[in-house]
Amino acid sequence: MEPFICPEAFLKPYNPNEQEPRMLEAWEKSGYANPDVCIKRGVTKPDAESYSIVLPPPNVTGTLHMGHASMLAIEDILIRYHRMRGYKTLWIPGTDSAAIATQSKVETDIYKAEKKTRHDLGREELMKRIDAFVEESKTTIINQTKKMGSSLDWSRYAYTMDEKRYAAVMGAFVRMYDAGLIYRGNRIVNWDPKLQTTVSDDEIEYAEQKDAFYHFKYGPFDIGTVRPETKFGDKYVVMHPDDARYKEYTHGQQIDLEWINGPITATIIKDEAADMEFGSGVMTITPAHSALDFEIAQRHKLDVERVIDDRGILLDIAGEFKGQHIKKARALIVEKLKTKGLISKIDEDYVHNVAINSRGGGIIEPQIKLQWFINVNKEVQFPDGKRQTLKERMREAVSSGNTKITPERFEKIYYHWIENLRDWCISRQIWFGHRIPVWYHEPRCVPKPGREADVEKSLMMIVSATKPQCEFCDAEFMQDPDTLDTWFSSGLWTFSTLGWPEDTDDLKTYHPTAVLETGYDILFFWVARMILMSGFLRGEVPFRNVYLHGLVRDGQGRKMSKSLGNIIDPLTMIEKYGADATRLSLIVGASPGNDLKLSEDRVRGYKNFANKLWNITRFVLENPSTGPGQAELNAEDAELIREAHRIAAEASINIDVFRLDLAADQLYHFVWDRFAAEIVEQSKLVLKAGEPTAQASRQRALLEILIVSLKLLHPFMPFVTEAIWQQLPKKESDQLMVAKWPV
RNA sequence: GCAUCCUUAGCUCAGUUGGUUAGAGCGUUCGAUUCACAUUCGAAAGGUCUCAGGUUCGAAUCCUGAAGGAUGCACCA
């Protein structure tokens, strides 16, 4: 046999910038990321078990950050591993429209450039601008995603606002409405006066703030507040029924007292919501602008009156303060109360929480609004025959083990969240998003001549995916102006990407998906909602496993942010150290659910490792004694090969239980400390001075250990391993990507 | 307030059911290097495993308590 000459391609050192684009091109050309291609080319058996992951879709208008990079690395490892194990493996890419974030970005840009607001442009024009912006910026995130080596099947790419996904959202809404799960109602919601939209409970962040805390004389009582501007309408005074201090007062008793704008009559309410420990134990309530107060008001059927409008302006009830903005009015109101002698005390340094919209920063003002909600406590019929509530369904998905959350401790957090879950407000007043498929017959139906009798039958509101027509008159139905919470469409993601509501082959083959892999910060927003949607619409869980990774932080454990200037850009890292090194730096040391502190040094270290592997290969290929034939293996070399296979078995187990950090670390040490430092070193002696049979045996062993190492490392560092594979004299498959996993 | 997690070398972290001398990467110090290695190799220093009790033949690991840190949820009128 011809001695194998080490290919010239083995320039030293390993240069990722040169190899990576070639590998990307080769992979793309092969189409192996598409399971249909794998089956057609005989790489995957048609009846193989399936393994699928949907990529948590990044914002279309965003750029790749380390959080994405970490997610892509983890998922690609799982995907490549299973593909090599022979599973019918599918990883679906997509992007998210990120309604509020995208709209505010475009609005801001337009305002900067043209000094126009969305109202100046109108809805249609704004949509055009947003679509153009999305179209322009989506290639950025897609190309960046590819650079990580992600073996996504781009032929199945989905966008939350594309035609198919839009249809899925409409279909889902109609089904849920028909089942009585979606209702419209006047309820207290979180209103963002800045963005002029409602926001869900989960999208709210609390920030500590220091404000003055005022004590007022409210008749014989002492009441406290940080928000005097809400107090105009307060005509109920609430105390705990067991509070001995106030036992002389009875529920429903009326008291005349002097208040901000003159004398009023207040009513005593005894309710357990009043905390005896807090302040005087007595409070007045503002049902229109506080969730708790609203509940109390509903319990006792009290009057509810708005004090503040959608823009934060005081209404008629404020009397002389009417028309003023709450921010400015506060000081004036306090001043007036002072002169009336109604203030008993002021604490200047009162620390309390203020609710802000995490998407845009407006301070939340609870308001009562007519909105669309999903009822989480209503018992309904599920496709699998069960009758239960959405809450029960969400709990059962996990408690039954049909969906397993890793790390396990998040299961408790998940249950706890469900306990506290209230009806989900799904309507938003922003323009960019999926429209609510509800149609109003306005004005009232005026039947065509001869159909006057049908006026009673005409419907004023119709829920339908497509625009309805009135049977009795020529009036056009007007669509509900609101859009849906972005998480409504995200909740459908595991199956809308597979073609639902059509009954596609993909859906049958790949749903439920194998794993949903995402950051723990998104457990409630997304994971829980997917379980809800899939449960109701498909009668099955959306995924068998949830794997939650930690967040990527800077070297000091701080969140990466522009303002701190501590962002490590994955693309810069790829350029400097290669995608393989970038991937490994995000995997090793990142135990499940724990945050990872990333520094540039880490990345550099793994570049050296890629180079190490490259050089081991060169040694193996440059030192053929009798050529890499099928020489007889001696006992010692057979044992070396068995050792490599033992490592393979251990690594497989670690990957199976999501301990990618351990698997990667173990492979790293096997290749560096064992293979390079010991086996290769000792082989130098054998190859130089050993018997010819020993030389041949060792040469074969080296090649086999190298091949096993390449395969094992491929999911973790696909580029360098594939680049090496391409140079091997004989190989079992044209690409390492579809080589057989060693067991 | 309720809950979860964390505290191990200078830094970042492993240490899976309790079991010899507690490990890795980076950093530090010293030495070697025409030999696959734009580097690598060898060696060294560095630890009261946060603290205090307890269980045990044996505890970084299990239990109780304390301190510090992080996070989630609820929430204050």
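Order of the sequence lines sets the chain letters (A, B, ...), proteins ahead of strands, with each chain counted from 1.
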Remember a base hit wins even if backbone is also touched, and classify [X] as base, sugar-phosphate or nothing at under 4.0 Å, heavy atoms.
X         : answer
Ile223(A) : nothing
Lys688(A) : nothing
Thr284(A) : sugar-phosphate
Asn353(A) : base
Glu419(A) : nothing
Asp275(A) : base
Val657(A) : nothing
Gly224(A) : sugar-phosphate

Whole-angstrom distance between [N] and [M], as gauged at atom [atom1]:
N      : M      : atom1 : answer
U40(B) : G27(B) : P     : 10 Å
C41(B) : C35(B) : P     : 15 Å
A32(B) : A14(B) : C1'   : 31 Å
C49(B) : U21(B) : C1'   : 15 Å
C6(B)  : A74(B) : P     : 23 Å
G69(B) : U8(B)  : P     : 15 Å
C30(B) : G19(B) : P     : 38 Å
C11(B) : C73(B) : C1'   : 33 Å

> Does the ring center of Phe221(A) lie less than 6.0 Å from the ring center of Phe216(A)?
Replying inline: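 Distance test on ring centres: not under 6.0 Å, no.
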
>> Using the ring centroid of each side chain, check whether Tyr414(A) and His416(A) are separated by less than 6.0 Å.
In response: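 Between His416(A) and Tyr414(A), which both carry aromatic rings, the centre distance is not below 6.0 Å.
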
Rounded to the nearest angstrom, tell me the gap between atom [atom1] in [X] and atom [atom2] in [N].
X         : N      : atom1 : atom2 : value
Tyr415(A) : G72(B) : OH    : P     : 22 Å
Phe410(A) : C6(B)  : CZ    : P     : 11 Å
Glu681(A) : C41(B) : CD    : P     : 9 Å
Leu421(A) : A74(B) : CG    : P     : 10 Å
Phe675(A) : A36(B) : CZ    : C1'   : 11 Å
Lys612(A) : G25(B) : NZ    : P     : 12 Å
Trp417(A) : C73(B) : CH2   : P     : 10 Å
Ile204(A) : G72(B) : CD1   : P     : 14 Å

> Of the non-hydrogen atoms in Leu640(A) and Arg674(A), which two are nearest, and what is the gap between them?
Replying inline: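 That closest heavy-atom pairing would be CD2-NH2, 3.6 Å.
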
Of the listed nucleotides [options], the one nearest the side chain of [X]:
X         : options                : value
Pro13(A)  : G25(B), U12(B), A38(B) : A38(B)
Arg602(A) : U12(B), A36(B), G72(B) : U12(B)
His669(A) : A24(B), U12(B), U4(B)  : A24(B)
Tyr668(A) : G25(B), C76(B), C73(B) : G25(B)
Phe619(A) : A38(B), A36(B), U40(B) : A36(B)

Pair [X], [Y]: side-chain N/O donor-acceptor within cut-off below 3.5 Å:
X         : Y         : result
His240(A) : Glu272(A) : no
Trp259(A) : Asp234(A) : no
Gln695(A) : Gln699(A) : no
Ser697(A) : Asp637(A) : yes
Thr403(A) : Asn545(A) : no
Asp211(A) : His352(A) : yes

>> Just to be sure I understand: a Watson-Crick pair is purine N1 to pyrimidine N3 plus N6-O4 or O6-N4, both under 3.5 Å. Using that and G-U wobbles, which stems of three or more pairs involve RNA chain B?
In response: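 So the stems come out as B:1-7 with B:67-73, B:10-13 with B:23-26, B:28-32 with B:40-44, B:50-54 with B:62-66.
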
> side chain to side chain donor-acceptor pair (under 3.5 Å) between Asp271(A) and His300(A): does it pass, once the steps are laid out?
Replying inline: CA-CA 9 Å; Asp271(A) 192 286; His300(A) 301 284; 2.6 Å; yes

> How about Ile616(A) and Val671(A): do any of their side-chain heavy atoms sit closer than 4.5 Å?
Replying inline: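 Heavy-atom side-chain distance check passes, below 4.5 Å.
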
Please tell me if [X] has a side-chain N or O lying less than 4.0 Å from either OP1 or OP2 of [N].
X         : N      : value
Trp672(A) : C41(B) : yes
Lys684(A) : C41(B) : no
Asn615(A) : U40(B) : no

>> With nearest nucleotide decided by heavy atoms, which residue, Arg409(A) or Ile616(A), maps closer to the 5′ end of RNA chain B?
In response: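 Counting from the 5' end, the first nearest nucleotide belongs to Arg409(A).
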
> Which one of Leu736(A), Leu710(A), Leu621(A) satisfies the side chain to side chain contact (heavy atoms under 4.5 Å, CB included) criterion with Ile724(A)?
Replying inline: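 Result: among Leu736(A), Leu710(A), Leu621(A), Leu710(A) is the only option passing the side chain to side chain contact (heavy atoms under 4.5 Å, CB included) with Ile724(A).
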
> Reading nucleotides 13-22 of chain B 5' to 3', which nucleotides get B (base under 4.0 Å from a protein heavy atom), which S (sugar-phosphate only), which -?
Replying inline: SSS-------

